[in-house]
Amino acid sequence: MEHNQSWPMRAANPIIGSVAAIGAWAIHAVQTMGDFGCFFLSIVYRTFTGLNRRTIRELFIQMYEMGTLSIPVVMLGGGFIGAVLAVEAYPQFKAIGAGNRVGSVIVISVVKQIGPVLTAVMLAGRLGGSMTAELGTMRVTEQIDALRVMAADPVRTLVVPRVLACIIMTPVLTVFSDSIGILGGWLISVGVEGVRNYPFWHYAQTGMDMFTVYVGLIKAFFFGLVISTIACYKGFRCGNGAQGVGRACTESFVAGFCVILLANFILAVMLNNIYVMLWPNQPSIL
Amino acid sequence: MSITSANSSDVPVIRFENVHKRFGSLVVLNGVDLDIPADQTTVVIGPSGTGKSVLLKHIVGLLRPDSGHVYFHGRRIDNLPEKEFEPIRKRFGFLFQQSALFDSMDVGENIAFPLRQEGGISETQIIETIHEKLSIVGLAASERKMPADLSGGQRKRVALARAMAMNPEVLLYDEPTTGLDPIRADVINELILKLQKQFKVTGIVVTHDMASAFKVADHIVMLLHGKIVFRGTADEIRTCPDPEVQRFIQGRASEAELGALDRL
């Protein structure tokens, strides 16, 4: 690695230098992807080969820390987003004489898109950062080496419970965020803008079906997987010292954030195609 | 408290054979050949950054050599897969440089960790072991304390109690006295001596603290530039003619090292 990174600096020809720099970056990117792939497979393997009592105990601790303690922040974020949606959307709907239908757009946006993505982004900041910092500090202070010396597999002991807790709790938190988001939208639409209760809830209900709910929850499941695997990977591979841990936390959040947005796009296209396959006569829901 | 197995034979407990290790372009071990005899304490000395800790980590498979072999009781271990290494690791205790106590657990839980990991040990036995090991290191009443509430010396002693929990055959000490005041350091030295005498533990101590080295060593090995440059007893190293060795044990910087100061 050091060899690859150092020699472009010495290249006399600037063209060769830049090509070499791109090459070095590409090699680094492929190596990181491969390394992450191996790390991911090792998590999958250990999840399905013997969860011991310690892992289960740690799983519940993590579910409490990641899930229960995240409820307030997730609900706060969800509530305001729902409210803002109503504030922005209602005048547009009113202008075309369809102010009563504002409920449908709020519900669909919150349940399918904004709820899962916003929850995931908040969790990437809150959980991703703390997971990377905790595991990174454990690595820097030799605690992960100590686990290995005591014949305790670090991935099984530390990573598996965190990943499982995150993929279980992200959909749960998304439900909280969605619910409060819809209530926020209702509060503004009905309480401030003067939409009546019946049309609001009627159109909110007709605007979505169970598939819409599943779309949101399936996304949340994958976002939970993305946040936790990236955060644990960055923690396990972090550099030395406080600077190394700090940098790993930043990288963990940025990488998590980018992959959440990318995964959201891919999942939206895939789930829409599935919907079209299952119900070919219905209009696309994307 | 039976700790050692048949070790009166000529086979060394640990043998390094032409071990090389590099990190990127940095060569750390450059052909290390070393035998560690049973029931004695071998001290590995050398300047910081010469790969002493790296050498120690090869013994328990935390690092694997780029080339060369590592043997444990005559059995090659450097090529073992992680799963097969686990039973071998249980025969070692490792005192980490930074103690490596688990922050989220109290002292008792830290010591109980390897025992619970092993499984099949009753809670009564685990509690007995915690009390026994804590009293050996002189911290009998600290079971419920959190690692963050302990001083550096106490953390080292708790880490030593944890390393001893499984009654290991070999104890590896990575800079056990670094960062401690001379009195606390001496407590650790006495503990190392006590473990070796009382329980016949084979010890490998990595240090650059010469007072500690002379006190605990049956054998001293000096690592310099990735190679073993000296092996012998404490008396032999004092009379070793090699100027590099003498400079190190007397703590004298070379002309070249001092030259940098002249430019200030």
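Chain letters run A, B, ... following the sequence lines, proteins first, then strands; residues in each count from 1. The analysis underlying the following values was restricted to heavy atoms, covering all of them including side chains, and did not include hydrogens, waters or symmetry mates.
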- Query: Of the backbone (N, CA, C, O) and the side chain (C-beta and beyond), which part of Glu118(B) lies under 4.5 Å from a heavy atom of chain A, both, or neither?
  - Reply: neither
- Note on the structure: Bottom line for Ile144(A): the part with an atom under 4.5 Å from chain B's heavy atoms is neither
- If the plane angle is over 60° it's perpendicular, under 30° parallel, otherwise tilted; pick one for Phe36(A) and Tyr233(A). perpendicular
- Note on the structure: Applying a strict 4.5 Å limit to non-hydrogen atoms, the region of Arg162(B) in contact with chain A is side chain
- Taking side chain as C-beta onward, heavy atoms only, is Asp209(B) less than 4.5 Å from Thr178(B)? no
- Query: Under a 4.5 Å heavy-atom cut-off, does chain A meet the side chain of Phe85(B), its backbone, both or neither?
  - Reply: neither
- Query: Hey, does Asp145(A) have a side-chain heavy atom less than 4.5 Å from the side chain of Val60(B)?
  - Reply: no
- Is it true that Glu82(B) and Arg89(B) make a salt bridge, defined as a side-chain N closer than 4.0 Å to a carboxylate O? yes
- Message: So for Asp174(B), is it side chain, backbone, both, or neither that comes closer than 4.5 Å to the heavy atoms of chain A?
- Response: side chain
- Message: With heavy-atom distances below 4.5 Å as the criterion, would you say the side chains of Met166(B) and Leu115(B) are in contact?
- Response: yes
- Student check: side-chain heavy atoms of Thr49(A) and Arg156(A) closer than 4.5 Å: yes
- Task: With a 4.5 Å cut-off on heavy-atom pairs, point out which of Val140(A), Thr157(A), Val149(A), Thr141(A) contacts chain B the most.
- Result: Val149(A)
- Honestly, the part of Leu172(B) sitting under 4.5 Å from a heavy atom of chain A is neither
